[in-house]
Every structure is written in C-alpha cells, then in structure tokens.
Amino acid sequence: MPEGPTIVLMKEDLQKFEGEKVVSAVGNSGIDNELLINQKLKEIRLFGKQTYLIFEKVSVKIHLLMFGSYEIDEQTKSDKSLRLGLTFKNGKALFYTCSVKLVDDDFLKTVDWEADVMSDNWNPKNAKKKFKANPKMMVCDVLMDQGIFSGVGNIIKNEVLFRIGVHPESQIGNLPLKKLNELLQEARNYSFDFLKWKRTDELKKHWQIYHQKKCPKCGETVIKKNTGKGKRPSFYCEKDQKHY
DNA sequence: CAAATTGTTTAGCT
DNA sequence: CAGCTAAACAATTT
C-alpha cells in the first residue's frame, strides 16, 4: 500500500530482472499477456506512484492504487487478484490488485518526469509555475496533486505541512516565498525520510501528526478534518500550523 | 463487524 | 462540451 517511497523499494526488488527476458506472463489484468513473452525488460522507470516496465516492443504501466501489493519469487497464490505475473529465468515478479496497462513510447514522452519528487530529475521550478497558475488551490490539494508532487500521498502531505507549520487549508498563493521554498524542500526531504524509515519498518514510529492525538509541540488535540477538493483527511494542530 | 483506508479513474451531472 | 463531483473499485486492518 504505496506512496512514492514504497514504490522506490519495489523498484529495488525488481531491479534484478532488468536485462532479463520474460519466460511466461499470466494474470487477469486484461492486457494481452502474450505480447510480453520473450521480451527483454530494458528498464524499470518510476514516476511517482507509477512503475513503468519498459520492454523492447511495449511498456507496462503499473499502479498499485490503494490496496495493491507485489511479491518477488513467491509461489503464485491461486488468487483471483493476480493481475500480472512475470516469470524470468532468475525468478518471478507478481503484482496483485493493481492497475496494469500497456503504453507506447509516445505516451512515455508525454510524462513530466521532473514532477517526481523522489527523482534525480525533480525540478521545483516547474512546481512553482504550477502554483502560480492556480493560486487559489489549497495546499493540501496541491501536495496531493500528482502532476505537481508526483509520489506524494496522504501521509507525506500531513507530515510535511506539520513540519513547515502550515495549515492544510491555506491557499497556495498566500504563502510567503520562504514557506513555498520550505514546502518544496520538505516534500522531497520527507519522502526520503519516509523511504529510510519504511526500509527498516519503523515508519509509524516517526509520525508526528498523522493519526496522532496530541500535537508533539504544544500538546493540543490534533484536528482531523477532510480538507480541500480531494476531501482527504488532514491531521493538523490549530496552534502550530498557520492558516495563510 | 462496521468503518476506515497510504488512490485513481470514470460515469454522470450541471 | 468543459468542468466539476460522486461513485466505483479493491482488500486489509482497526
């Protein structure tokens, strides 16, 4: 159940299949599995929460959605939810309960790789432009916007806003420049902390505001409210997070 | 056991 | 028809 950093871990697990050929392909995703057979996996590329398996003739886009999961080298569960199972010479990659689609090179060219907060290509300048174009968006929606902060999910959103002391319902256009820069920096920074903690399975331990009862700074009760257009739950402290 | 949940897509409305 | 919202979807945990 993935935000961006979880997908980075998945890529690491899949890495050993890069350069390998597909021996067999199964699954109920609806794509033509036959197309993948004998195709060499040229590259695994990430964009936020999406994973692209780039083969010679086609590419597969995988999105784990809310409940997706994956396994490497496990015995295939005789489970209806197996969307895609790829067997290589050196093992298996199994994807459950996820969205699997075929895409072509033209589609890959349209992806704005610089919007991925965890990528080496992350470009905060583009994000700033997008703020300017939509000054009335609430910051909680901005952070969840996959075209701006690709890879950010609800946990990252809440923790970032707490770290920089900004109320989730603030309008992006009202933030002073200093706060904007903090927002851009922490969105990436926290994602890497998330990755680090996820790796050692201690993510929950480090939640400061998300699903917490009291603000760790002042002890006030944490507010939980569905915020923004996305109506996704925000956790915040009235006192320590300023409403711009 | 009902409710919530780390998300996106699509149908359907105005 | 553009732009929005509500619903659909999925599976595990609390």
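In the text below, chain A, chain B and the rest are named by the order of the sequence lines, each starting its count at 1.
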Rounded distance in Å between the P positions of C:dA7 and B:dA4: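 It comes out at 16 Å once rounded to the nearest Å.
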Separation of [N] [atom2] from [X] [atom1] (nearest whole Å):
X: A:E71; N: C:dT12; atom1: CD; atom2: C1'; answer: 14 Å
X: A:L203; N: B:dT5; atom1: CG; atom2: C1'; answer: 15 Å
X: A:I7; N: B:dG7; atom1: CD1; atom2: P; answer: 10 Å
X: A:M144; N: B:dG7; atom1: CE; atom2: P; answer: 5 Å
X: A:R232; N: B:dT6; atom1: CZ; atom2: P; answer: 6 Å
X: A:K61; N: B:dT9; atom1: NZ; atom2: P; answer: 6 Å
X: A:F47; N: B:dT8; atom1: CZ; atom2: P; answer: 10 Å
X: A:L65; N: B:dT6; atom1: CG; atom2: C1'; answer: 12 Å

Donor-acceptor under 3.5 Å (A:Q39 side chain, A:E56 main chain):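 Yes, because the side chain of A:Q39 sits within donor-acceptor range (under 3.5 Å) of the backbone of A:E56.
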Polar side-chain atom of A:Q241 near backbone of A:G165 as donor-acceptor pair, under 3.5 Å: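 Here the side-chain-to-backbone pair does not exist.
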Partner of A:S234 by side-chain hydrogen bond (donor to acceptor under 3.5 Å, both in side chains), out of A:K157, A:K225, A:K224: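 Passing option: A:K157.
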Phosphate OP1/OP2 of C:dT5: any A:K229 side-chain N/O under 4.0 Å: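 So the side chain of A:K229 is outside the cut-off, no N or O lying under 4.0 Å from OP1 or OP2 of C:dT5.
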Side-chain N,O (A:Q146) to OP1/OP2 (B:dT8) below 4.0 Å: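 Yes.
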Among B:dT6, C:dA10, B:dT8, the one nearest A:F67 by side-chain distance: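 Nucleotide nearest to A:F67's side chain: C:dA10.
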Closest nucleotide among B:dG7, B:dA4, B:dT6 to the A:K224 side chain: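 It is B:dA4.
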5′-ward residue of the pair A:K204/A:T97 relative to DNA chain C: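 Taking each residue's closest nucleotide, the earlier one in sequence belongs to A:T97.
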Nucleotide forming a Watson-Crick or wobble pair with B:dT6, both distances under 3.5 Å: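 Partner of B:dT6: none.
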Partner nucleotide of C:dA10 by Watson-Crick or wobble geometry (both distances under 3.5 Å):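 Its partner: none found.
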Sugar-phosphate only, base, or nothing, as touched by A:K157 at under 4.0 Å among non-hydrogen atoms: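 Here A:K157 touches no strand at all.
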Electrostatic pair A:E182:A:K178 at N-O distance under 4.0 angstrom: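 Salt bridge flag = yes for A:K178 with A:E182.
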A:L65 side chain reached by A:S99 side chain, heavy atoms, under 4.5 Å: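 Contact flag for A:S99/A:L65 side chains = yes.
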